[in-house]
Number of protein chains: 2
Amino acid sequence: MKYSKQREAVLNAVLWSNGHPNAETVYENVRKEIPHISLGTVYRNLNLLVEKGMIKKIYMPSQSDRFDKELEHHDHIYCEGCHQLFDISTSNLNEINQIVEKETGFQILSHDIVFQGLCKNCRQERKIEGENYGIKRI
Amino acid sequence: MKYSKQREAVLNAVLWSNGHPNAETVYENVRKEIPHISLGTVYRNLNLLVEKGMIKKIYMPSQSDRFDKELEHHDHIYCEGCHQLFDISTSNLNEINQIVEKETGFQILSHDIVFQGLCKNCRQERKIEGENYGIKRI
DNA sequence: CTCTAAAGTAGTAATAATTACTATTATTAC
DNA sequence: GTAATAATAGTAATTATTACTACTTTAGAG
């Protein structure tokens, strides 16, 4: 693997992002620095970086794949209120592969988990909305 | 919702399948009975049946969506040896939403979990292969 | 039974996400 | 510097899925 400034920029776009960008978002951000980069290059490098273990890919139900700078094992939860994707890491999820392995006899190599729900904020907002019959307080 | 023989056939294709067919597989099977059915009709009805709670959709990482006749909650594991998708239902997975809810403060509405690994058979095969340095016994 | 409104279909086009192809360019080891 | 090779830009192709539209089917009222 040779150096390329495009790949460096793609990696940095993932490392510097605060969220979990998809290829399109990475493309938009890298274009600020390298305006003539092509979307294909972004895809190729994202996948290459995943292959080399430098970033991770998140498979989203009904959405385009996202990319993650965090390499330590964790899972994700998508808030249907604010449409943000959050990291979660609970003891149970960390042990889940071993548990399933024992209970099923399969050898577990990996897993993809995405929860859907409402984050604390959105949960609270809905509660208030409910109490006020949909009329929001100013 | 009015009756249609196309929808009935689509539902039956899912109910009678032993695995977890995707839209294309359902299409192929329904065409044996209704040769002029269109793929769009298959997709529309599959999604409609999911919406009405009569079947479920499985979101597969890097693969097309699949459909499931089983309505009781369970999760799935994909064997990378034989490329089959199996149902799993362990106590831990059944409680996972409540556990995550408690530990994170989110309100969990649903989740999508797919494990990747090797089923018992494929695990055994690989072991034998390994022991024999890749030379298979006859 | 026949008529009509609404729902559904076939066939096709469009879209979204992603991968593949190819001529040109950049990197790197000598 | 030069040659081998990896990488890129730009474009085309692919896959999975949804949207559109003219025609057909269903089902309820008269």
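Each chain gets a letter, A, B and so on, in the order its sequence line appears, and its residues count up from 1.
- Atom pair B:R31:CZ and C:dA10:P shows a separation of 11 Å (rounding to whole Å applied).
- In this structure, B:E24 atom CD and D:dT14 atom P are separated by 15 Å, rounded to whole Å.
- Rounded to a whole Å, the CG atom of A:L48 is 12 Å from the P atom of D:dA6.
- Going from atom CZ of B:R44 over to atom P of C:dG11 covers 13 Å, rounded to whole Å.
- When each of A:H36 and B:N22 is assigned the nucleotide of DNA chain D bearing its nearest heavy atom, the one mapping closer to the 5' terminus is A:H36.
- Crowding of B:Q98 atom CD: a count of heavy atoms from other residues, nucleotides or ligands under 6.0 Å exceeding 12.
- Closest to the side chain of A:S64, out of C:dT18, D:dA16, C:dT19, is C:dT18.
- For D:dG10, the OP1/OP2 oxygens have no side-chain nitrogen or oxygen of A:S38 closer than 4.0 Å.
- Side chain of A:R7 to backbone of A:V42: no donor-acceptor contact under 3.5 angstrom is found.
- Listed nucleotides C:dA10, D:dT8, C:dG8 differ in distance to A:S4; the shortest reach to its side chain belongs to D:dT8.
- Rounded to whole angstrom, the span from the CD1 atom of B:I37 across to the P atom of D:dC23 amounts to 21 Å.
- Between the CE atom of B:M1 and the C1' atom of D:dT25 there is a distance of 16 Å, rounded to whole Å.
- One can place OH of A:Y59 at 10 Å from P of C:dT18, the figure rounded to the nearest angstrom.
- With hydrogens and angles ignored, a donor-acceptor pair closer than 3.5 Å exists between the side chain of A:K2 and the base of D:dT5.
- Residue A:E33 qualifies as open at atom CD: its count of foreign heavy atoms under 6.0 Å is 12 or below.
- Under 4.0 angstrom from either OP1 or OP2 of D:dT25 there lies no side-chain N or O belonging to B:Q6.
- Looking at which nucleotide of DNA chain D each of A:Y3 and B:Y43 is closest to, the 5′-most match is held by A:Y3.
- Heavy atoms of A:L39 sit under 4.0 angstrom from at least one base atom.
- In this structure, the ring of B:F106 has its center less than 6.0 angstrom from the ring center of A:F86.
- In this structure C:dC30 sits in a base pair with D:dG1, meeting the Watson-Crick or G-U test at under 3.5 Å.
- Screening B:D68, B:N94, B:T90 for a side chain to side chain donor-acceptor pair (under 3.5 Å) with B:H74, the sole residue that qualifies is B:D68.
- The nearest whole Å value for the distance from the CG atom in B:N45 to the P atom in D:dT26 is 13 Å.
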